[in-house]
Amino acid sequence: ANTTMTSNILDDNIAGFSIEAQEAHHTQDIDTTNLINGLPIYYLVGQGNITIDETTPAACIYAIRCSNLTISDQAISNNTFGIALIDCTNVKVQDVTAFDNEQSNLRIFECTEVTIDRGLFTNSYYGIDVEDSDQVHIRNVECSYNDAGIQMRYSNVTLNNSLIHHNTRYGGIRHYAWNSQNGIIQG
């Protein structure tokens with residue numbers, strides 16, 4: 001499906017915006033004139049050398065086939081996915097607070113070289129969800145009050161110096177060890 005969305009306003013919804021975060025092969029045309037509670041949707045496809053920081057606050061961020069992307073100083077809530085990275089390379093996510101997103105606060109799917117540093121991911125199904133990804137480094141984060149704090153599937157993830165607490169259904173770390181390689185968890 002190819003969808004074009006421009007100049008729409010989504011206000012006061014439980015989940016402001018959602019596209020299934022594994023559908024990277026679908027090219028959508030969704031620009032920043034689409035607002036959720038006054039903030040723009042960032043839907044980036046095939047872009048490089050992009051920074052989304054405190055000067056560009058976002059309602060949610062989808063990045064598909066992007067490289068050299070930095071996301072920092074964001075507070076993202078009330079979507080299906082707060083931040084979804086799909087088939088991206090060389091991504092930095094730092095100083096981000098993501099909460100009350102239905103499915104995942106941060107979804108990383110089929111990505112390489114992703115660093116998450118200094119973040120709070122709370123009150124979602126997954127705080128951080130990593131699947132089919134390589135060279136993912138998670139450090140100095142707090143994941144709390146999710147069904148699973150961090151879920152790792154088919155991925156190479158290094159996790160250190162993080163606080164993962166009060167996660168319910170699946171606990172702090174849901175790691176599919178039989179199909180993940182080289183996972184390192186340090187205190």
Side-chain angles (χ1 to χ4, degrees), residues 1-3 15-30 41-48 50 52 58-72 74 76-94 96 98-117 119 121-139 141 143 146-159 162 164 167 169-170 172-185:
N2 294 319
T3 302
F17 181 74
S18 176
I19 288 183
E20 177 55 41
Q22 293 184 165
E23 300 298 324
H25 58 280
H26 295 280
T27 302
Q28 316 301 329
D29 183 8
I30 301 169
I41 296 171
Y42 281 86
Y43 193 89
L44 311 171
V45 179
Q47 296 187 37
I50 300 291
I52 302 172
C60 62
I61 300 167
Y62 283 70
I64 298 144
R65 294 184 302 278
C66 293
S67 61
N68 303 315
L69 173 65
T70 299
I71 300 168
S72 66
Q74 298 290 320
I76 296 176
S77 64
N78 298 104
N79 296 286
T80 299
F81 299 93
I83 299 171
L85 306 173
I86 305 163
D87 192 21
C88 293
T89 303
N90 193 18
V91 178
K92 292 179 180 73
V93 178
Q94 56 196 28
V96 167
F99 58 97
D100 295 340
N101 294 293
E102 270 190 326
Q103 184 63 33
S104 181
N105 287 309
L106 174 57
R107 171 85 164 128
I108 302 167
F109 181 72
E110 294 184 348
C111 293
T112 304
E113 298 177 33
V114 177
T115 299
I116 301 116
D117 194 9
F121 304 94
T122 188
N123 201 33
S124 181
Y125 197 79
Y126 301 115
I128 299 172
D129 183 16
V130 183
E131 182 178 0
D132 289 325
S133 296
D134 191 36
Q135 299 177 50
V136 177
H137 305 281
I138 303 170
R139 59 183 176 240
V141 301
C143 293
N146 304 288
D147 280 1
I150 299 174
Q151 175 167 268
M152 300 177 278
R153 295 174 286 178
Y154 313 102
S155 298
N156 177 344
V157 177
T158 300
L159 170 67
S162 295
I164 300 152
N167 297 287
R169 177 184 275 169
Y170 302 109
I173 297 174
R174 187 176 191 196
H175 183 231
Y176 291 78
W178 67 85
N179 53 29
S180 294
Q181 299 177 354
N182 302 318
I184 300 170
I185 300 172

Flag the pair [X] / [Y] as yes when at least one side-chain heavy-atom distance between them is below 4.5 Å, and no otherwise.
{"X": "Tyr125", "Y": "Tyr170", "value": "yes"}
{"X": "Ile52", "Y": "Leu44", "value": "yes"}
{"X": "Asp129", "Y": "Arg153", "value": "yes"}
{"X": "Arg139", "Y": "Thr115", "value": "yes"}
{"X": "Leu159", "Y": "Ile164", "value": "yes"}
{"X": "Leu106", "Y": "Val96", "value": "no"}
{"X": "Glu131", "Y": "Gln151", "value": "no"}

So, for [X] and [Y], which heavy atoms are closest and what is the spacing to 0.1 Å?
{"X": "Ser133", "Y": "Cys111", "value": "OG-N, 3.0 Å"}
{"X": "Ile76", "Y": "Ala58", "value": "CG1-O, 3.7 Å"}
{"X": "Gly127", "Y": "Ser104", "value": "O-OG, 4.3 Å"}
{"X": "Asp132", "Y": "Tyr154", "value": "OD1-CB, 3.1 Å"}
{"X": "Asn146", "Y": "Asn167", "value": "N-OD1, 3.0 Å"}
{"X": "Phe17", "Y": "Ile41", "value": "CD1-CD1, 3.7 Å"}

Gap separating the [atom1] atom of [X] from the [atom2] atom of [Y], nearest 0.5 angstrom:
{"X": "Glu110", "Y": "Thr89", "atom1": "CD", "atom2": "OG1", "result": "11.0 Å"}
{"X": "Ile83", "Y": "Ile71", "atom1": "CD1", "atom2": "CD1", "result": "4.5 Å"}
{"X": "Ile150", "Y": "Arg174", "atom1": "CD1", "atom2": "CZ", "result": "14.0 Å"}
{"X": "Ile138", "Y": "Ile173", "atom1": "CD1", "atom2": "CD1", "result": "9.0 Å"}

- Message: Using only atom types and a distance under 3.5 Å, with no angle test, would you say the side chain of Asn101 pairs donor to acceptor with the backbone of Asn79?
- Response: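 The answer is yes, because a donor-acceptor pair under 3.5 Å joins these two groups.
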- Message: For the backbone of Phe99 and the side chain of Asn105, can you confirm whether one donor and one acceptor N or O come within less than 3.5 Å of each other?
- Response: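 Pair found, side chain donor or acceptor close to backbone of Phe99.
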- Message: If you apply the rule side-chain hydrogen bond (donor to acceptor under 3.5 Å, both in side chains), what do you find for Thr3 with Gln28, and how did you get there?
- Response: CA-CA 5 Å; Thr3 302; Gln28 316 301 329; 3.1 Å; yes
- Gln94 versus Ser72, side-chain donor and acceptor atoms under 3.5 Å: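 Gln94 and Ser72 do not have a side-chain donor-acceptor pair below 3.5 Å.
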- Indicate whether the side chain of Asn156 and that of Asp134 have a donor and an acceptor atom separated by less than 3.5 Å.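 Looking only at side-chain atoms, Asp134 and Asn156 do form a donor-acceptor pair, the distance falling under 3.5 Å.
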